Every structure is written in C-alpha cells, then in structure tokens.
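Single-structure report; data block below.
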Amino acid sequence: MVDMQTFRHEVGLRAAGGPGGPASELARRLGVRTAVLLEGASDLAAVEALAERRGRDLAAEGVCVVSMGGAMSVGRYAGLLGPTGLGLRLAGLCDERERPFFDRGLARAGARREDVFVCVSDLEEELIRALGTAKVEEIVQAEGDLRAWQTFVRQPAQHGRPTHQQLRRFLGTKKGRKIRYGRLLVEALDQSRVPAPLDDLLASL
C-alpha cells in the first residue's frame, strides 16, 4: 500500500545517503504539494495532533510532515524536496538557535524562508508556557509519571530552577517521552492558547 508514510520513509533513506526508492513517482501518486520540515519526532507529534484537533487530514491535503532528526539535516531534506529537488513547497518549524541552519539550507534549495516559523527555545517550552506549569504537572500525574517527576526535581542540578525549565528538561530525560508529551500537551491546549509558531505553521498549510 502506498501512503504518506511510505513516501516519508523513502525520503528519509535518500537523506541518509541511501538509494531510496522512486520518491518523485510516490509524490505524484500521493498528490504531495508541501513538505513540512521539523527538527524531531516530538514536533511531528505536536503538529499532527493540532491538525487532528482542527479536523484536518494533512496527508489527504497533500502535506507531508517530516521529522529530520535534527536541524543540521535541513540542507539535505530541502535539497531533496524543495525547488531544486521534487519541486515541493517547503514550510517548517524550528528553534531560534537552529534558525541559521534552516536559513542556509532553504536558501541553497531556492525555497522561501518566510514559511519557517520559529520557537524561542523549543516547541516544548512554548507548549509549557501556553498551558501553565500547574496544568502540565496535572498531565504528568495523569500519565503515571508523577513519581519520576518528583524524583527528578529533587536532583541537585534542579534546585532553584524555575518549574517551567524543570518540566522542559524532564520531558527529554527518557526516550520517547518528548514524543508522547508533544501530542498530550497539544491535546490539552485551549484552542485560543495555541503557541503562535505552531498556530501560524498550520494556518500556512
């Protein structure tokens, strides 16, 4: 079965230096028109969760959301997917400190940099700020992570740090946790409190 996941897999193989498969043919058959370049899988989970909350099927709309495994890969993905590659429109979401990688990668691929939306620290920080720390702690408890969270904040390195910084760090301390909470935090948001970079990205697609 040919689906967006198949296309995403082939693009990932090519970006990693492998031969990949017939990505251009897959793009044509799937009607792909836009690729959204994201740093990691937690960002992908958040974008897809917000799209679902708003009743959108991005794949059906011809939008492929791609987790690149880090901002330093943006040049390869932009080259493969953008105007100098498959000819897709490119959009993206990144952290402020990673913006130079996106700017250079998109410029080399001949793509618009205006379609990349920027988080101050990262998307997790934006979501924690939008929800408030008390609400995030409620979600942590509901997910059965309260004991792990309490152990974490007792660590000497966390003493004196603001709660929102502790929560941001906590989400990255276990493999898969950031991905899981990327979706959970978006699902808990009031629609009027969606962080601007995430809201603007989805509105642009």
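Please read all numbers here as calculations on a predicted model, not as lab measurements.
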Are [X] and [Y] side-chain neighbours, meaning at least one heavy-atom pair lies under 4.5 Å?
X	Y	value
Thr133	His164	yes
Leu167	Trp149	yes
Phe7	Cys64	yes
Arg33	Val63	yes
Val47	Leu201	yes
Leu37	Leu81	yes
Leu80	Leu86	no
Leu123	Ser42	no

Grouping I, L, V, M, F, W and Y whenever their side-chain heavy atoms are under 4.5 Å apart, do [X] and [Y] come out in a common cluster?
X	Y	answer
Leu205	Tyr77	no
Val32	Val65	no
Val11	Met72	yes
Leu198	Val120	no
Val118	Val194	no

Just verifying a value: how many Å separate [X] [atom1] and [Y] [atom2], rounded to the nearest 0.5 Å?
X	Y	atom1	atom2	value
Ser121	Arg129	OG	CZ	7.5 Å
Leu50	Leu189	CG	CG	8.0 Å
Asp43	Met68	CG	CE	9.0 Å
Asp145	Gln150	CG	CD	11.0 Å
Leu131	Ile139	CG	CD1	5.5 Å
Asp103	Arg99	CG	CZ	4.5 Å

Give me the atom names and distance for the closest heavy-atom approach of [X] to [Y].
X	Y	answer
Ala45	Ile179	CB-O, 3.5 Å
Val116	Cys94	CG1-SG, 3.8 Å
Thr84	Ala109	CG2-O, 3.5 Å
Leu171	Glu124	CD1-CG, 4.1 Å
Ala157	Arg161	O-CD, 3.4 Å
Ser67	Leu44	N-CD1, 3.8 Å

Please answer whether the main-chain N or O of [Y] pairs with a side-chain N or O of [X] as donor and acceptor at a distance below 3.5 Å.
X	Y	answer
Ser73	Gly69	no
His159	Arg154	yes
Arg113	Leu106	no
Arg168	Glu125	no
Gln158	Phe152	no
Asp95	Arg97	no

Evaluation steps, side-chain contact (heavy atoms from CB on, under 4.5 Å), between Thr163 and Val153:
CA-CA 9 Å; Thr163 304; Val153 297; over 6 Å; no

Assess Arg177 against Phe170: is NZ or CZ under 6.0 Å from the centre of the six-membered ring, and within 45 degrees of the ring's axis?
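Yes.
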
Could you tell me whether Arg104 sits above the aromatic face of Phe101, with NZ or CZ closer than 6.0 angstrom to the six-membered ring centre and within 45 degrees of the axis?
yes

Before giving the answer on side-chain contact (heavy atoms from CB on, under 4.5 Å), spell out for Val36 and Leu93 the whole-Å C-alpha distance, their side-chain angles and the decisive distance to 0.1 Å.
CA-CA 8 Å; Val36 181; Leu93 185 73; 5.9 Å; no

Please step through side-chain contact (heavy atoms from CB on, under 4.5 Å) for the pair Leu58 and Leu202, ending with a clear verdict.
CA-CA 10 Å; Leu58 295 180; Leu202 199 65; 4.3 Å; yes

[X]/[Y] ion pair, N-O < 4.0 Å:
X	Y	value
Asp199	Arg54	yes
Arg56	Glu61	yes
Arg8	Glu48	yes
Arg193	Glu126	no

How far apart are the C-alpha atoms of Glu39 and Cys119, what are their side-chain angles, what is the distance that settles it, and do they pass the side-chain contact (heavy atoms from CB on, under 4.5 Å) test?
CA-CA 12 Å; Glu39 292 184 51; Cys119 301; over 6 Å; no

